[in-house]
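Notes to accompany the following structure.
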Amino acid sequence: KGEYFAVNVDEVQRIDIDGKVFALLVEVPDSEDDDADDDGDAIVARVDVEDGEEVYVAPTDEEFDAANAAFDELFSE
């Protein structure tokens, strides 16, 4: 569990691409605001370390494309 841009998320999978770590996150719906049937959105985030703590940050367009393709390949197996 973590937070990404003030959204509650669960981390599903991590991959390493060119020395950078990317995480596939799934938004955890807020039961008060969202429909209970909503599965939440999938989010690709880069994992950086700031002040010794891991944080999720938005990847560049190129990083997103590479990570998205890698996750697609991973889950299609």
| request: Quick one: list whatever passes side chain to side chain contact (heavy atoms under 4.5 Å, CB included) with Thr60, sequence neighbours left out. | output: Glu62, Glu63
| Looking only at heavy atoms, which two atoms of Pro59 and Ala45 are closest? And how far apart? | CD-CA, 4.1 Å
| task | Sequence neighbours left out, what passes salt bridge (Lys or Arg N to Asp or Glu O under 4.0 Å) with Asp65? Give chain and number order. | result | none
| Would you say Phe75 and Phe22 are hydrophobically clustered, going by side-chain heavy atoms of ILVMFWY under 4.5 Å? | yes
| request: Would you mind listing every side-chain hydrogen bond (donor to acceptor under 3.5 Å, both in side chains) that reaches into residues 66-75, with sequence neighbours excluded? | output: none
| request: For Ala23, check side chain to side chain contact (heavy atoms under 4.5 Å, CB included) against everything at least two apart and list the hits. | output: Glu11, Arg14, Leu25, Val47, Tyr56
| request: Step by step, work out the side chain to side chain contact (heavy atoms under 4.5 Å, CB included) result for Ile43 and Val9. | output: CA-CA 9 Å; Ile43 301 167; Val9 293; 4.2 Å; yes
| request: Taking all non-hydrogen atoms of both residues into account, name the closest pair between Ile17 and Ile15 and its distance. | output: CD1-CD1, 3.7 Å
| remark: Nearest heavy-atom approach of Ala67 to Val44 is CB-CG1, 3.7 Å
| field | All side chain to side chain donor-acceptor pair (under 3.5 Å) counterparts of Gln13, not counting sequence neighbours | value | none
| request: Please step through side chain to side chain contact (heavy atoms under 4.5 Å, CB included) for the pair Phe71 and Val12, ending with a clear verdict. | output: CA-CA 11 Å; Phe71 282 125; Val12 177; over 6 Å; no
